[in-house]
Amino acid sequence: MSAIKGHEILLCDLDAFFASVEQRDHPEYREKPVIVGGRPDQRGVVAACSYEARKYGVHSGMPISRAEKLCPDAVFLPVDIERYRCVSAEVFAIYERFTAQIEKVSIDEAYLALPAEKGFETARKIRKTVKQELGLPISAGVSVNKLLAKMACELAKPDGIKMLRPEDVPKEIWRLPVKELPGVGPHTEKKLKQAGIKTIGQLAKFPKNRIIKMLGSVGESLHEFANGIDTREIETEQEPKSIGEETTFPKDVYDREKALTTLLKLTEQVGYRLRRKKLMGRTVTIKIRFGDFRTITRSRTLEEAVDADGTIYRIARELFLSNCGKPPWRLVGVQVSNLDKGSYEQVSLFSSIEKKERQLSKVIDEIRERYGRDAVKRATLISRKESSEQKRL
DNA sequence: AGAAAGCGTCTCCCCCAA
DNA sequence: CTAGTTGGGGGAGACGCT
């Protein structure tokens, strides 16, 4: 039942993280509903909201426009992800004082492994330290595996702590609706409901093979989760599998050049992030969301891993042009996957054109780091000569 | 009825080779 | 020779989370 024998698992989760940081740094926002989300004037959804805002029925993922109707007096703030990342790093530095076994789940959430019997006491200390040193509310769940630690934390929120033993599962977990189970989103919830399954307890007692028939391999883990069984280990070092960026236009776009310019900008940011992490990737994927919300992705996998803006953009551009269909476009995105750390330094592998592209990207990185993002600009269009040269790659 | 971000990962399906 | 199996890789979309 336990992921690691003789260990306890902690799940630490900062409460309403983005909103809490804002309330901490702006005392005037405290006790008020705070809604952090996409820029107020543009289209967007709620990324985080304070507990005061939740009272009005606001929750993450909700369109900002709807949140405004539910809670017009709320403080609406843009997502300042840079700052939340800094604060998050400070929180993780506190975790480090207690254990090296830390798995980062997201910006505000981490699993920690601790020796048996130490879990609850450590969770208590972590919460106290985070509150004292950083002034942030944080909840913690303690149990024998990840799933139960997570569920314990959900029950502890907000600003609480809870220990859950496997024998508590029937009493404490089974009464909850299935959507409370991690991994059950709206789609899975609907499928389960069609089978008459509404609570975690009903799922736990349902024949496992029928759940698997309904949900495939996810069904198997969900059924085990419902019974408090989870064999996942703590993964302290997880390499990213993809790096991508996407953006929704403030207004639907009909102009192809405008869409391409945006795609270039996104590509440059993705390329920059790759190079900073010394990663390269073999698969380039673009994403297009049309005016009617229909969304497609199209990808191409290359012979060699790439990290140069020019190279990535050339592929992205081709993919866009051959798949863009009819405007309007609502969103475009670009992603590089099939990542590989090894190839970054292996200069000899690259053709001379690719070497030049990589050099150019790195020079641009330096200029931008010194003089700012707008110091250099790349042309969207690729000259005929250049593109025919590239085809020989 | 109308509005719906920006990440990232996982799963399913297909094709190919053995 | 044909059909089925398996495993890997690629592509597309589903899905979940903050």
Side-chain angles (χ1 to χ4, degrees), chain A residues 11 13-21 35-50 53-54 58-70 78-81 84-85 88 104-110 150 154 157 178-192 212 215-222 225 232 235 238-252 262 266 269-270 273 281-303 319 323 330-339:
Chain A
L11 189 268
D13 190 346
L14 292 146
D15 299 324
F17 181 45
F18 300 172
S20 295
V21 172
I35 296 172
V36 184
R39 283 160 241 163
D41 50 322
Q42 294 181 12
R43 308 193 271 199
V45 300
V46 175
C49 60
S50 69
R54 291 182 197 197
V58 178
H59 56 81
S60 63
M62 173 183 283
I64 292 278
S65 52
R66 173 119 189 273
E68 266 177 320
K69 278 175 204 150
L70 288 171
V79 178
D80 186 355
I81 195 70
Y84 310 145
R85 281 207 188 104
S88 171
K104 182 174 179 146
V105 182
S106 68
I107 192 166
D108 72 334
E109 206 177 321
K150 172 97 180 159
E154 291 303 317
K157 279 179 190 179
V178 272
K179 67 163 182 289
E180 300 296 322
L181 210 53
V184 177
H187 285 86
T188 311
E189 185 192 8
K190 200 173 163 194
K191 284 186 203 159
L192 289 171
I212 296 172
L215 303 177
S217 60
V218 213
E220 181 163 23
S221 356
L222 287 181
F225 283 2
R232 293 172 300 166
E235 316 253 2
Q238 35 199 18
E239 297 290 305
K241 298 189 172 161
S242 68
I243 290 182
E245 300 211 5
E246 65 190 48
T247 189
T248 299
F249 300 113
K251 286 199 170 145
D252 289 359
T262 303
L266 294 169
Q269 303 194 89
V270 167
R273 285 169 60 194
R282 284 179 51 224
T283 305
V284 177
T285 306
I286 60 140
K287 179 167 170 178
I288 303 171
R289 176 167 291 154
F290 297 93
D292 63 1
F293 222 72
R294 190 171 62 89
T295 309
I296 60 164
T297 61
R298 293 293 180 267
S299 65
R300 185 181 304 164
T301 299
L302 313 165
E303 208 61 22
L319 285 169
N323 294 286
R330 183 188 178 93
L331 163 154
V332 292
V334 61
Q335 180 201 59
V336 175
S337 57
N338 239 317
L339 300 182

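Numbered from 1 within each chain, the chains take letters A, B, ... in sequence-line order.
Nucleic acid contact for A:V105: none, since no nucleic acid atom lies under 4.0 Å from a heavy atom of the residue. Among the atoms of the strands shown, only primed sugar atoms or phosphate atoms (P, OP1, OP2) are found under 4.0 Å from some heavy atom of A:R282. Nucleic acid contact class of A:Q335 (heavy atoms, under 4.0 Å, all strands): base. Residue contacts for A:S65: at a heavy-atom cut-off of 4.0 Å it reaches the sugar-phosphate backbone alone, with no base atom in range.
OP1 or OP2 of B:dA5 has not a single side-chain nitrogen or oxygen of A:T247 nearer than 4.0 Å. Considering only side-chain N and O atoms, A:T248 lies under 4.0 angstrom from the phosphate OP1 or OP2 of B:dG6. One finds no side-chain N or O of A:R85 lying less than 4.0 angstrom from the OP1 or OP2 phosphate oxygen of B:dC7. Contact between the side-chain N/O atoms of A:T188 and the OP1/OP2 oxygens of C:dG16 is found at a separation under 4.0 Å. Contact check, A:R289 against B:dG6: no side-chain N or O comes under 4.0 Å of OP1 or OP2. Close to C:dG11, at under 4.0 Å from its OP1 or OP2, lies no side-chain N or O of A:R300. A:S242 has a side-chain polar atom (N or O) that falls below the 4.0 Å cut-off from OP1 or OP2 of B:dT9. For the OP1/OP2 pair of C:dG11 and a distance below 4.0 Å, the side-chain nitrogens and oxygens of A:T285 include no atom meeting the criterion. For A:K191, a side-chain nitrogen or oxygen approaches OP1 or OP2 of C:dC15 to under 4.0 Å.
Listed by chain and number, the residues in a ring-ring contact (aromatic ring centres under 6.0 Å, His included) with A:F17 amount to none (sequence neighbours excluded).
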Nucleotide N/O to protein N/O under 3.5 Å, stretch nucleotides 10-12 of chain B:
unit_1	atom_1	unit_2	atom_2	d
B:dC10	OP2	A:K241	NZ	3.1

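Residue-to-nucleotide proximity on DNA chain B shows that, of A:K287 and A:K69, the 5′-proximal contact is made by A:K69.
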